[in-house]
Amino acid sequence: MRRVVILGSTGSIGTSALDVIRRLGGSFSVCGLTANRNVKLLHQQAEEFRPQVVAIGDPALADRIQIDGTRVVAGPQGLEEVAALPEADIVLNALVGASGLTPTMHAIQAGKRVALANKESLVMGGELVMGMIAETGGELIPVDSEHSAIFQCLQNQDRRGVKRLILTASGGPFLRLSPGELASVSPRQALAHPTWEMGQKVSIDSATMMNKGLEVIEAHWLFGIPISQIEVLIHEQSIVHSLVEFSDNSILAQLSLPDMRLPIQYALTYPQREQSAQVALDLAQVGALTFQRPDRDKFPCFQLAYDAAESGGTMPAVLNAANEEAVPAFLNGEIRFTDIPTVIRETMGRHRLVAHPDMAGILAADGWARETARAQLCRIAQCRKDSRQ
């Protein structure tokens, strides 16, 4: 019996993880759950799985969870407590955004297997996270479908023989729109992902291709491969989840139907493979598998992520923070879709880089970038308001 904590249990990854645990029967138990504000769903999950502790981000909501045998904690400290819960064997970090970094570090320090679906942990603090893994002998298993695919392809392989990592991308909802058409797209259009069902933030990041850029940075830290050896191909069918090319020019790939429950299950059961209830892949029914290179001019967020990765230091944290401020502004109708990369680029251009930051330095860069991005967003929103008058 392996005991699991799920950070962000009410989101799409968290609910899928609970579905996997439900299907695996008695092999796993849930000892901790966390959510930000979705107290209704968190309460329902806690009633079903009876964890010993749950954490809610908003302390004002804590008294709405009352379940015999389940302790309730709240706020950032409550989240960190659950992340390092002594009884847990596996901590699945399904938090969205920068808030996932500190819990990842706490879980690693506590010696847990971390099943990582929070890419921002490595985007912001890759050097710190991987340094802590090396120091503690901890275990980090990727959950993102692309990184899970690479992880599987690298099993029993000599990393020195890796020539390229090739991450695949669906292309999002705007693959066939012209750059000019992107200026007028609506949040509703941007949220209509053609393949995956995801939360709003990740859906918009997919539409801008920022998500794929963040995944390139994540892959660099996870697998120790230089950014220059990590490429992306558009693969609309979302069947090939990623590929690894070796020095002899052979390529290994991992294929399956697009369903996040598969990489989640693999992260939980690794190194074993268990039977899955998901539909098996029928290649004859799929037919053609197509690939093309992404248009970096059309999707500037993708290039900005590469630029931040090459700069290193605090720049990826600045990239991420500016993006996290710009995306809600677009969803709220305050800026256009094409303003998102503008805000990120200008914020990055004003940043004074710190090459090897500690945690305080990363958090300081994150805070500075948010303040700088918000000032730009206010100016853009005011300009739009003035132009309509």
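Reckoned from all heavy atoms, side chains included, excluding hydrogens, waters and symmetry mates. Model, not experiment: these values are computed from the prediction.
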Q) Does a side-chain N-to-carboxylate-O contact under 4.0 Å join E146 and K212? A) yes
Q | Residues K119 and E218 bridged, charged N to O under 4.0 Å | A | no
**Q.** Under 3.5 Å side-chain donor-acceptor pair for D205 and N323
**A.** yes
Q. Should the pair F330 and F337 be assigned to parallel (<30°), tilted (30 to 60°) or perpendicular (>60°) ring geometry?
A. perpendicular
Q) Do S170 and E236 get their side chains close enough for a donor-acceptor pair, meaning under 3.5 Å? A) no
Q | Donor + acceptor pair across side chains of S16, D19 (<3.5 Å) | A | no
Q: Could you tell me whether the side chains of T104 and N93 share a donor-acceptor contact shorter than 3.5 Å?
A: yes
Q) Any luck finding a side-chain donor-acceptor pair between T269 and E274 under 3.5 Å? A) no
Q: Find out whether S238 and T168 are in side-chain contact, i.e. whether some heavy atom of one side chain is under 4.5 Å from a heavy atom of the other.
A: no
Q) According to the interplanar angle, ranging from 0 to 90°, do the rings of F223 and H147 count as parallel (below 30°), tilted (30 to 60°) or perpendicular (above 60°)? A) parallel
Q: Classify the side-chain pair R273/Q152 by whether it contains a donor and acceptor separated by less than 3.5 Å.
A: yes
Q: Compute whether any side-chain donor of one residue and acceptor of the other, for Y270 and Q265, lie under 3.5 angstrom apart.
A: no
**Q.** Exercise: identify the closest heavy-atom pair between E324 and A98
**A.** OE2-N, 2.9 Å
Q: Inspect the contact between R37 and D58 and indicate whether a charged nitrogen and a carboxylate oxygen are less than 4.0 angstrom apart.
A: yes
Q.
With salt bridge (charged side-chain N to carboxylate O under 4.0 Å, His left out) as the criterion, how do D89 and R2 come out once you've worked through the C-alpha distance, each side chain's angles and the decisive distance to 0.1 Å?
A. CA-CA 6 Å; D89 302 305; R2 280 171 280 189; over 6 Å; no
**Q.** Sole candidate of L128, L116, T136 that passes side-chain contact (heavy atoms from CB on, under 4.5 Å) when paired with I108
**A.** T136
Q) Would you say the side-chain atoms of H193 and S206 include a donor-acceptor pair closer than 3.5 Å? A) yes
Q: Ignoring hydrogens and angles, state whether a donor on the side chain of H235 or T290 is under 3.5 Å from an acceptor on the partner side chain.
A: no
Q: Test the R160-F246 pair against the cation-pi criterion, namely NZ or CZ under 6.0 angstrom from the six-membered ring centroid and within 45° of the ring axis.
A: no
(Q) Is the distance from the ring center of F174 to that of F299 below 6.0 Å? (A) no
Q.
Check E81 with R71, please: is the shortest side-chain N to carboxylate O separation under 4.0 Å?
A. yes
Q. Charged N to carboxylate O below 4.0 Å: is that the case for E325 and R374?
A. yes
